[in-house]
Amino acid sequence: MQRKALIAANWKMNGSAALVTDMTTALTPLPLDNVDVLVCPPATLLNRFSAERNFALGAQTLSQESRGAFTGELSAELLLEAGATYVIVGHSERRTLNFETDALVAAKLATAVTAGLIPILCIGESLAERQQEKTQQVLARQLDAVYASQPELLAKSVVAYEPIWAIGTGESATPEQAQQTHAFIRQHLAQYDAQAAVGVKLLYGGSVNADNCAALFQQADIDGALVGGASLKPAEFAQICLAVTKGAKD
Ligand code: 13P
């Protein structure tokens, strides 16, 4: 089964109006027919992107509520109005720094899908969990929390495997390690919906850069990347987007 590749930029709390312009300039000339490209800037910058672009926009989180007295929060509806079509849900930084629980992540993902945003569910184990050989257990728990009771959401989701020990460390998972884990994730997802599990895009995230991306994209169950640091460099991010089109596999 051919899954169209997706390369997503997560700017985190970085970027500027100038980077919006530079990224748009870098991506516009690229032939991006065989890949979906997505930029997730801070929400305040969503409106700065021109409507004329060859890539999609996403938010980095959303409220599980649809409106009301939730100071500082942003609803799916507000994000859609600002131009987002995707939203990252359950990034490890939010799980850790904003105390987002598995249950909250599940609620946010459901809210996103109901509103018409495509959620990118982030899952991943810590270094300690990997060393204790608990990787599969942790990933299964994070997936079960979202999909066991709402399996219909899988067909509308993207899942990103981001091992916490590889995020921002310069130490990417090896292509073999990442493939092994992605295969486990896809197999686990088949329990909820076998057909959706074949079609769901699985992104790898964690120190992806222009040098290591091609080998990752060669792996059967890696359908693209969620890129942090390297997505702040327009030329390098453009190279990553092109690498996935060159390494097309079936
Ligand atoms: P880095 O690419 O900087 O490791 O970040 C990965 C990430 O967290 C993307 O969501």
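These numbers were taken from a predicted model, which means no experiment stands behind them. Whatever order the structure lists ligands and atoms in, that order sets their numbers, starting from 1.
Environment of CZ in Arg141: crowded, with over 12 heavy atoms of neighbouring residues, nucleotides or ligands closer than 6.0 Å.
Put simply, part of Ser207 is less than 4.0 Å from ligand 1, judged by heavy atoms. Within the 4.0 Å heavy-atom shell around ligand 1 one does not find Gly205.
Distance check: Ile7 CD1 to Asp223 CG gives 10.0 Å after rounding to the nearest 0.5 Å.
The nearest heavy-atom contact from the protein to atom 3 (O) of ligand 1 is Gly229 N, 2.8 Å. Scanning the protein heavy atoms around atom 7 (C) of ligand 1, the nearest turns out to be Glu162 OE2, 3.2 Å.
By the criterion of a heavy-atom distance under 4.0 Å, the backbone of Ala166, and not its side chain, is placed next to ligand 1.
Looking at Gln60 and Trp11, their side chains never bring a donor and an acceptor atom within 3.5 Å of each other. Side-chain atoms of Gln219 and His182 form no donor-acceptor pair, as typed in the model, at a separation below 3.5 Å.
Residue Thr169 has no nitrogen or oxygen atom sitting less than 3.5 Å from a nitrogen or oxygen atom of ligand 1, judged on distance alone. Among the atoms of Asn10, some N or O lies under 3.5 angstrom from an N or O of ligand 1. Ligand 1 has an N or O atom lying under 3.5 Å from an N or O atom of Gly228, backbone or side chain. By the 3.5 Å distance cut-off applied to N or O atoms, Gly168 is counted among the residues near ligand 1. Residue Ile167 has no nitrogen or oxygen atom sitting less than 3.5 Å from a nitrogen or oxygen atom of ligand 1, judged on distance alone.
Less than 4.0 angstrom separates some heavy atom of Leu226 from each of these atoms of ligand 1: 9 (C), 10 (O).
Between Thr25 and Thr21 the shortest heavy-atom distance is OG1-O, 2.7 Å.
A heavy-atom distance below 4.5 Å is not found between the side chains of Glu93 and Ile88.
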Yes or no on ring pair (Phe, Tyr, Trp, His ring centres under 6.0 Å) for Phe49 and Phe55, after CA distance, side-chain angles and deciding distance?
CA-CA 10 Å; Phe49 284 86; Phe55 55 94; 5.8 Å; yes
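Of the candidates Val146, Leu62, Thr61, Leu62 is the only one forming a side-chain contact (heavy atoms from CB on, under 4.5 Å) with Val89.
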